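Single-structure report; data block below.
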Amino acid sequence: MSVTVRVPAKVNVQLAVGGARPDGFHDLANVFLAVGLYDEVTATPADELTVTCEGPGADQVPLDRTNLAARAALALAARHGIDPAVRLHIAKDIPVAGGMAGGSADAAGALVACDALWGTGASRAELLDICAELGSDVPFSLVGGAALGTGRGERLRPLEVGGAFHWVFAVADGGLSTPAVYREFDRLHENDEVPEPVASQTLLDALAKGDADALAAFLPGSNDLQPAALSLFPKLADTLEAGRAAGALAALVSGSGPTTAFLVRDAASAHSVAEGLLAAGVCEAARVAASPAPGATILR
């Protein structure tokens, strides 16, 4: 017997970042959209907790108990007095270390898979509580769709989306550490008074209307981590420019990067922009996806 759960990637259409808190985290106004790039996590009974992984970037995924999926299984087992004897197999399709919450998605997927496999009957509230303990992006990976994340990003308010938005994601040749990007953000702003992060009503209205042009008008400058990501990975500026030249409506760094996201008019435009990015030689791969997408879903 095994349980397989599909979990989506995310793009941050706004990431407003406040100053560093005493606990080292930052308050955020984080507008998440789940996109149709997925990992699958399969939980199978085993003699002990093990993690295996396949797919693009699998060699970069830790296979010990530091893996977020393993930590999710351990957290659920501890709450219910269960021996965490399970094999977690991760089939990767979300870029690794790309700012699209692949590790967080795997944690949410493992949590849902183990809950079903073990029959723990955990409530949605309990699962979200465990998600928040695991990481700031994990709750949204469970929920999917669209949401505003506040606090560290873990407190979610669902958002209305009035239609599909089409994207191209340029996968960089290399990764960026999210903590390193936040450290660079702090360095860049060490002499600044960083304002409280607030979600843009203009952006929320654009999402609710399904208005790609209005969303595109807002996206430049919507990610407060983008300057830090560009400081650490300067070649991303060439990727952003190539995507705009290929016809994207707007371009931005996805979350902490180094994946870059390009909003496009429709599915046909997405394929055209992806081809332009690859022809320019500015990325390792170009992926096409639409949003919003559902959160963690049991497939079988």
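Quick caveat, the model's predicted, so the values are computed rather than measured. As a basis for the values below, the full set of heavy atoms in this structure was taken, side chains included, without hydrogen atoms, waters or symmetry mates.
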- Query: At their closest point, which heavy atom of A29 faces which heavy atom of P197, and how far apart are they?
  - Reply: N-CB, 3.6 Å

- Message: Side chains of V51 and V61, heavy atoms from C-beta outward: is any pair under 4.5 Å?
- Response: no

- Query: Mind checking whether W118 and L127 sit in one hydrophobic cluster, side chains of I, L, V, M, F, W, Y counted as touching below 4.5 Å?
  - Reply: yes

Without placing hydrogens or testing angles, list every side-chain donor-acceptor pair under 3.5 Å for residues 251-270, not counting sequence neighbours.
from, atom 1, to, atom 2, distance (Å)
S254, OG, G99, O, 3.2
S256, OG, T178, OG1, 2.9
T259, OG1, G98, O, 2.9
R265, NH1, D213, OD1, 2.9
R265, NH1, D213, OD2, 3.0
R265, NH2, D213, OD1, 3.1
D266, OD1, A268, N, 3.4
D266, OD1, S269, N, 2.8
D266, OD1, S269, OG, 2.7

- Can you measure from CG (L249) to CG (L219) and round to the nearest 0.5 angstrom? 9.0 Å

- Same hydrophobic cluster for F233 and L230, using side-chain heavy-atom links shorter than 4.5 Å among ILVMFWY? yes

- Task: Could you pull out all residues at least two apart from E133 that satisfy salt bridge (charged side-chain N to carboxylate O under 4.0 Å, His left out)?
- Result: R79

In residues 150-165, what donor-acceptor pairs under 3.5 Å come from side-chain atoms, sequence neighbours left out?
from, atom 1, to, atom 2, distance (Å)
R152, NH1, S136, OG, 2.9
R152, NH2, A132, O, 3.1
E154, OE1, R152, N, 2.7

- Message: To check you understand the geometry: which heavy-atom pair defines the closest contact between A108 and L142, and what is its length?
- Response: CB-N, 3.7 Å

- Task: In sequence, state the C-alpha distance, the side-chain angles, and the governing distance for H26 and Y182, and then conclude on side-chain contact (heavy atoms from CB on, under 4.5 Å).
- Result: CA-CA 9 Å; H26 297 71; Y182 274 99; 3.4 Å; yes

- Message: Do I90 and N67 have side chains that approach each other closer than 4.5 Å (heavy atoms only, starting at C-beta)?
- Response: yes

- Task: Would you check, one step at a time, whether the test side-chain contact (heavy atoms from CB on, under 4.5 Å) holds for R287 with M100?
- Result: CA-CA 12 Å; R287 307 293 306 283; M100 299 188 75; over 6 Å; no

- Message: For T52 and H89, which I'm curious about, is there any donor-acceptor pair between the side chains at under 3.5 Å?
- Response: yes

- Task: State the CG-CD distance between L15 and Q226, to the nearest 0.5 angstrom.
- Result: 10.5 Å

- Item | Partner set under side-chain contact (heavy atoms from CB on, under 4.5 Å) for S231, not counting sequence neighbours | E184, R187

- Task: For D192, check side-chain hydrogen bond (donor to acceptor under 3.5 Å, both in side chains) against everything at least two apart and list the hits.
- Result: H189

- Item | Sub-4.5 Å side-chain heavy-atom contact between L88 and L49 | yes

- Message: Restricting to non-hydrogen atoms, name the atom on V138 and the atom on A107 that form the minimum distance, rounded to 0.1 Å.
- Response: CG1-CB, 4.0 Å

- Is there side-chain contact between F169 and V35, with heavy atoms separated by less than 4.5 Å? yes

- Message: Side chains of L117 and S2, heavy atoms from C-beta outward: is any pair under 4.5 Å?
- Response: no

- Please report the shortest heavy-atom distance between A280 and A242, naming the atom on each side. CB-CB, 4.0 Å

- Message: Going by side-chain contact (heavy atoms from CB on, under 4.5 Å), name the residues that satisfy it together with A214, two or more places apart in sequence or in a different chain.
- Response: A206, D211

- Item | side-chain contact (heavy atoms from CB on, under 4.5 Å) between I82 and L76, worked out | CA-CA 8 Å; I82 293 170; L76 182 66; over 6 Å; no

- With hydrophobic residues grouped by side-chain heavy-atom distances under 4.5 Å, do V112 and V7 end up in a single group? yes

- Query: Heavy atoms, side chains only, cut-off 4.5 Å: are L148 and Q14 in contact?
  - Reply: no

- Verify same cluster id: I94, V181 (apolar side-chain graph, 4.5 Å): no

- Identify the heavy atoms of A146 and L33 that sit nearest to each other, and give their distance. CB-CD2, 3.6 Å

- Assess whether side-chain contact (heavy atoms from CB on, under 4.5 Å) is satisfied between V31 and V13, documenting all intermediate values. CA-CA 6 Å; V31 181; V13 290; 3.4 Å; yes

- If we only count heavy atoms from C-beta on, is the F32 to S141 side-chain gap below 4.5 Å? no

- When rounded to the nearest 0.5 angstrom, what is the spacing between OG1 in T202 and CG in L215? 11.0 Å

- Query: Is D224 close to V194 at the side-chain level, that is, under 4.5 Å between some pair of heavy atoms?
  - Reply: no

- Looking only at heavy atoms, the pair that brings L277 and A170 closest together is CD1-CB, 4.2 Å

- Message: Applying a strict under-4.5 Å side-chain criterion to I, L, V, M, F, W and Y, I'd like to know whether L240 and L225 cluster together.
- Response: yes

- Message: Donor-acceptor check, side chain of D93 to backbone of D39, threshold 3.5 angstrom: yes or no?
- Response: no

- Query: Within the distance-only criterion (no hydrogens, no angle test), does the side chain of D115 pair as donor or acceptor with the backbone N or O of A122 below 3.5 angstrom?
  - Reply: yes

